[in-house]
Amino acid sequence: MKESLSSAQKVPIFRLYGVNEGGNSILAHLYGYVPYIYCSAPNGVKQTDLHKFTESLNHAVRNEVKQKDAPEHIILGIKIESKENIYGFHGNKKSLFLRIELVLSKFIPVVKRMLETGFEFPTYGMQGYQTFESNIDFEIRFMADLHITGCNWIEIPAGVYKIRDKSEYMSRCQLEIDLNIKDLISHPAEGEWIKIAPLRMLSFDIECAGRKGVFPEAEKDPVIQIANMVQRQGEKDPFIRNIFTLNTCAPIVGSQVMSHMKEGEMLMAWSNFVREVDPDIITGYNIQNFDIAYLLNRAKTLKVDLFPFLGRLKNIKTTEKKVVLQSKQMGRRENKSINMEGRVIFDLLLVLVRDYKLRSYTLNAVSFYFLQEQKEDVHHSIISDLQHGNEQTRRRLAVYCLKDAYLPLRLIDKLMCIINYMEMARVTGVPLGYLLNRGQQIKVVSQLLRKAKEQELLIPAMKIDVNDEFEGATVIEPIKGYYDVPISTLDFSSLYPSIMIAHNLCYTTLLRGRPNDLKPEEYTATPSGNFFVKSELRMGVLPEILDNLLKARKRAKQMMKEEKDPFKYKVLDGRQLALKMSANSVYGFTGAQVGKLPCLEISQSVTAFGRTMIEKTKQLVEERYQMKNGYKFDAKVIYGDTDSVMIKFGVDNLVDAMKLGQEAAEFISSTFVKPIKLEFEKCYFPYLLINKKRYAGLYFTKPEKYDKMDCKGIETVRRDNSPLVANLISVCLQKLLIDRDPTGAINYAKQTISDLLCNRIDISQLVITKELTKTDKEYAGKQAHVELANKMRKRDPGSAPQLGDRVPFVIVAGSKGQATYEKAEDPVFVLEHNLPIDTRYYLENQISKPLIRIFEPILHERAEFVLLKGEHTLTKTVTISKIGGLAAFTKKKETCLSCKSILSDKELNDAVCSHCKPKESELYQKQICTMAALEDKFNRLWTQCQRCQGSLHEDVICTNQDCPIFYMRKKVQKDLQENDKLIGRFGKINW
DNA sequence: GTGCTGGCCTAC
DNA sequence: TAAGGTAGGCCAGCAC
């Protein structure tokens, strides 16, 4: 949705982009909607003042705008309306507000500023006014007014619209029409309108030829290939697969190859292609922050002037803009914003970063994780070589590039991204594009605004002021230990939403200060000392929204049960997910200090109620389930966090534990106000409670068989641990909890430690990743991943980790006492330079504490001794680096291959010392055998990589750092080289 | 060594 | 301009 002023009539026109059932793109020019905001009316305002008020305001605004081509009448008119401020309870009385209508929404900020700072108005003098709806995105308000949500169906009946003559088309859409807003019918996504439009989706990927060792820069390095896949939403396969190549490229079965000898021509051809395809959605991997920006800058460098017209509007250039997005949830991120009117840029990387917590977000890692499919990864330094080879090497690259364009489509399909995002847009009402480029708040604002409009409530533009923090939830002090009896867990379902509904907590019901003029039964005093009127006096807007969301979720879940069509089933599942997330984000919205409408009275009341509820639950359980009441044991709440309690009833079997849990849940629920509900969810058996927010257990929902092993907060689920630790802890827990085999677990741990100290652990297992959350300057202390990122930036600024990236590193051996942050190194650099790993670090700082934490409750004080003091830790290890430290000053001497004694100058060129000479032949044979074994291993790994890349006849060019095979292949390669050198030393002898 | 702080990541 | 919340474990670095 976009807005402009028609030149002839001086009325605002809104552009609405859409797709019809046949998949044709449509641009509708909408008339009859006038932008507006509200402000508080001055006391005693009269109808007759309005004309003067309008003039004065218009004058003040025009002075402020100081724009030559500013319209003469920015303020079109002012009306007096009876409304209510949403913030606070006002005895259900409406008051007067001014509705200020203006010519274009872009003037809203100026008008807002003038009203708030105040302006001179004859009758009333200099005065400021509180404004309403003036800081809410205009698109959101427009849609709310017209009852349009993101991705819903809009019907435009025959006869109410006029099809434009092709010569009058402003856009590249297939159909362009004019109509009045009163003639469009917006359908909620229900019944037949649940279906999803057949959107055209273009996925693309580019390759650039960077210089050696430097990350490509658009000002210098050419774009050499652009691969494209076009698919209709709902269909299984792309109907267009093609690739634009610079220079020739051998044919590829199933894909169209279009070669150009000049880069500028290729770019222009691609740009034409995009306009021809006219996609609704443009996707790919990291296209928003890399590919699109690179193409735009490259086209600018090459002066391909017609390139950047990639949007739907003919005369609007696509440009990139840097925006900084910051939130506590997502950290700080520098993003690019790209305008492409009428199309949505749906970058899959952004989707994954938002929705999934992964150790690595490279397309390789993600493809493997979700599709169980490896993808070859070509290092940017190799790309130039392939480009400068022949049509076959370029074809090689093209195949790779095509796959990178294809995989995002596969992932979108597998993860149902489009469906889920569309459902989120429908549920919250925001446009699809907002979901990736904006935060959580806008979704709540959109829903709140819609509800407010129904009840003639106005949302004030609040000044942000950072208040104090408020108290959160209770975490019950855990009774730590290993429990070999079933532990029943009870949860409040949708705790915070149900508290808000139960106690009618809302902006509209908030009483400021103690209510003297109300009867006690008319209001609620919350445990945090705030006051809200009861629903009998006024039903809150937030409780109503939440109630609708929860009910809609129930409906969606019910419909899922009845749905036979697998596609519609997925849509419904996406919907119930969106509904749950929406309900949960309302509380966060009221607590967001830097937000559109913060209300700490609400959020602190919510958490305060929550705290009393978990306390009461614990108390009720322990009071009731006692031997003196006829139960077999005294029950004990051993842990609980926010909305859950873990209960040891004492019984030794699941059937009884579940029955008691069920009963307790029902009993306790009955003591709370509706719709607050405590539910029995599961039993853990056995249960290992390590600390607050740290536990593991076998998760049972039915007594027969466990559903899964559930680990919370421990190393297995934390991304800042090496896979070595995560896997080790995970296997040990499995052995302890599932197999109930402590001895097996101990032996496994010992074996792993021994393997580590003997350098038998693959480097891919030792990679730790941490996110770079700030710029270098902002960090107070030194840290491994930060220091490494700085080091890498010096090596190659382009490919070094950036703000918001996860930095992978391993800890290499260094001199004694060297700080850890000095020993962090890039895993690939470690491989290439054959740096030794600091295995002691991994044992002492990575493995030992987590291991002891999980074994301690079972082995008690023996744990440390058994695990860390045994013979398995005595293995000799290399702890001094070859470079750095003292090693740098000692000259390497050749040693005898048999007895390791240093060779004398005379023997220098021999393989063995004179002592061992008789054994030389035997040694040589042995060395040859090793060589053969290594070669065999290398060949097997190589073939495996060839298979992965889909061809047994071509070189392996993959350097996928997320693939263990890559590291193994590299290591064997290195070993081969060294072995070859050794064998060379036998070379002087004539056999 | 001890205690504190900053940083990261998770639970809910 | 835009940006959901608090509780809390645990580690490395740093001051003393």
Side-chain angles (χ1 to χ4, degrees), chain A residues 109 135-137 321-333 335 337 357 359 434 437-445 464 466 468-478 480 489 491-496 581-600 602-604 606-608 610-611 614 639-644 690-695 710-721 725 768-774 778-787 806-807 811 819-824 841 844-846 848-850 853:
Chain A
N135 62 347
I136 299 175
D137 296 72
K321 211 169 54 186
K322 222 189 235 169
V323 288
V324 181
L325 212 94
Q326 185 175 355
S327 73
K328 276 184 194 161
Q329 182 187 242
M330 307 271 300
R332 202 171 67 192
R333 232 174 214 102
N335 264 322
S337 125
K357 287 186 170 175
R359 284 192 144 82
Y434 272 48
N437 293 310
R438 302 286 294 272
Q440 298 291 326
Q441 292 205 43
I442 190 67
K443 296 190 269 187
V444 182
V445 169
I464 51 154
V466 183
D468 327 53
E469 293 178 338
F470 63 92
E471 197 181 338
T474 297
V475 183
I476 294 174
E477 195 58 45
K480 301 172 204 172
T489 72
D491 292 52
F492 286 105
S493 55
S494 304
L495 177 70
Y496 288 175
M581 285 165 59
S582 294
N584 285 335
S585 56
V586 172
Y587 149 78
F589 175 78
T590 65
Q593 308 238 351
V594 192
K596 281 275 189 281
L597 201 62
C599 182
L600 294 201
I602 296 176
S603 21
Q604 72 188 11
V606 170
T607 56
R611 289 195 299 275
I614 194 172
Y639 179 57
D641 185 345
T642 310
D643 62 352
S644 65
I690 292 164
N691 214 332
K692 279 184 176 175
K693 297 187 190 286
R694 289 187 177 231
Y695 59 83
D710 203 15
C711 297
K712 289 291 161 68
I714 16 192
E715 285 69 19
T716 52
V717 296
R718 290 184 64 89
R719 296 180 291 176
D720 53 353
N721 275 103
V725 177
I768 303 165
T769 70
K770 277 198 168 77
E771 193 184 303
L772 210 54
T773 59
K774 315 177 174 198
E778 291 167 321
Y779 279 106
K782 303 208 166 189
Q783 286 195 81
H785 66 297
V786 183
E787 296 302 299
R806 296 190 67 81
V807 186
I811 301 299
T820 311
Y821 63 80
E822 291 179 296
K823 298 194 287 182
Y841 169 85
E844 285 158 17
N845 301 58
Q846 287 276 119
S848 72
K849 281 185 182 168
R853 276 195 295 269

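Below, read A as the first sequence line, B as the second, and so on, with proteins coming before strands; counting in each chain starts at 1. The figures that follow rest on heavy atoms only: side chains count, while hydrogens, waters and symmetry mates do not. As the structure is a prediction and not an experimental result, all values here were calculated from the model.
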Touch check for [X], heavy atoms < 4.0 angstrom, all strands: base, sugar-phosphate only, or nothing?
{"X": "V594(A)", "answer": "base"}
{"X": "R853(A)", "answer": "sugar-phosphate"}
{"X": "G472(A)", "answer": "sugar-phosphate"}
{"X": "F492(A)", "answer": "nothing"}

Any chance you could measure N584(A), atom CG, to Q440(A), atom CD, to the nearest 0.5 Å?
-> 10.5 Å

If a protein heavy atom is under 4.0 Å from the base, mark B; if only from the sugar-phosphate, S; if neither, -; do that for nucleotides 6-12 of chain B going 5' to 3'.
-> SSBBSBS

Separation of atom [atom1] in [X] from atom [atom2] in [N], rounded to whole Å:
{"X": "Q593(A)", "N": "dA3(C)", "atom1": "CD", "atom2": "P", "value": "16 Å"}
{"X": "K823(A)", "N": "dA12(C)", "atom1": "NZ", "atom2": "C1'", "value": "12 Å"}
{"X": "Y587(A)", "N": "dT6(C)", "atom1": "OH", "atom2": "P", "value": "7 Å"}
{"X": "F589(A)", "N": "dT6(C)", "atom1": "CZ", "atom2": "P", "value": "15 Å"}
{"X": "N721(A)", "N": "dA12(C)", "atom1": "CG", "atom2": "C1'", "value": "14 Å"}
{"X": "K321(A)", "N": "dT1(C)", "atom1": "NZ", "atom2": "P", "value": "12 Å"}
{"X": "I476(A)", "N": "dG8(C)", "atom1": "CD1", "atom2": "C1'", "value": "15 Å"}
{"X": "N691(A)", "N": "dG8(C)", "atom1": "CG", "atom2": "C1'", "value": "9 Å"}

The correct list of stems in which DNA chain B takes part (3 or more consecutive Watson-Crick or G-U pairs, distances under 3.5 Å) is B:1-12 with C:5-16

Select from G595(A) and A473(A) the residue whose nearest nucleotide in DNA chain C is closer to the 5' end of that strand.
-> G595(A)

Please state whether the phosphate of [N], meaning OP1 or OP2, lies under 4.0 angstrom from any side-chain nitrogen or oxygen of [X].
{"X": "N845(A)", "N": "dA12(C)", "value": "yes"}
{"X": "N584(A)", "N": "dG4(C)", "value": "no"}
{"X": "T820(A)", "N": "dG13(C)", "value": "yes"}

Report the residues that fulfil side chain to side chain contact (heavy atoms under 4.5 Å, CB included) with R719(A), sequence neighbours left out, ordered by chain and then residue number.
-> K357(A), R359(A), Y361(A), R806(A)

Would you please name every residue forming a side chain to side chain contact (heavy atoms under 4.5 Å, CB included) with S848(A), sequence neighbours left out?
-> L868(A)

Name all residues meeting the salt bridge (Lys or Arg N to Asp or Glu O under 4.0 Å) criterion together with D643(A); count only those two or more places apart in sequence or in a different chain, and write none if there are none.
-> none

What do you reckon, is NZ of K692(A) surrounded by more than 12 foreign heavy atoms closer than 6.0 Å?
-> yes

NZ/NE/NH1/NH2 to OD/OE distance under 4.0 Å, E715(A) and R853(A) = yes

Test D710(A) against K712(A) for side chain to side chain contact (heavy atoms under 4.5 Å, CB included), laying out the working first.
-> CA-CA 7 Å; D710(A) 203 15; K712(A) 289 291 161 68; 3.7 Å; yes

Check step by step if side chain to side chain contact (heavy atoms under 4.5 Å, CB included) holds for N691(A) and K480(A).
-> CA-CA 6 Å; N691(A) 214 332; K480(A) 301 172 204 172; 3.6 Å; yes

For residues 585-594 of chain A, run the donor-acceptor check on the side chains, cut-off 3.5 Å, and write out each pair with its distance to 0.1 Å, sequence neighbours left out.
from, atom 1, to, atom 2, distance (Å)
S585(A), OG, M581(A), O, 3.2
S585(A), OG, S582(A), O, 3.0
T590(A), OG1, Y587(A), O, 2.7
Q593(A), OE1, N467(A), N, 3.0
Q593(A), NE2, D468(A), O, 2.9

So, T773(A) versus Y779(A): side-chain donor-acceptor pair below 3.5 Å or not?
-> yes

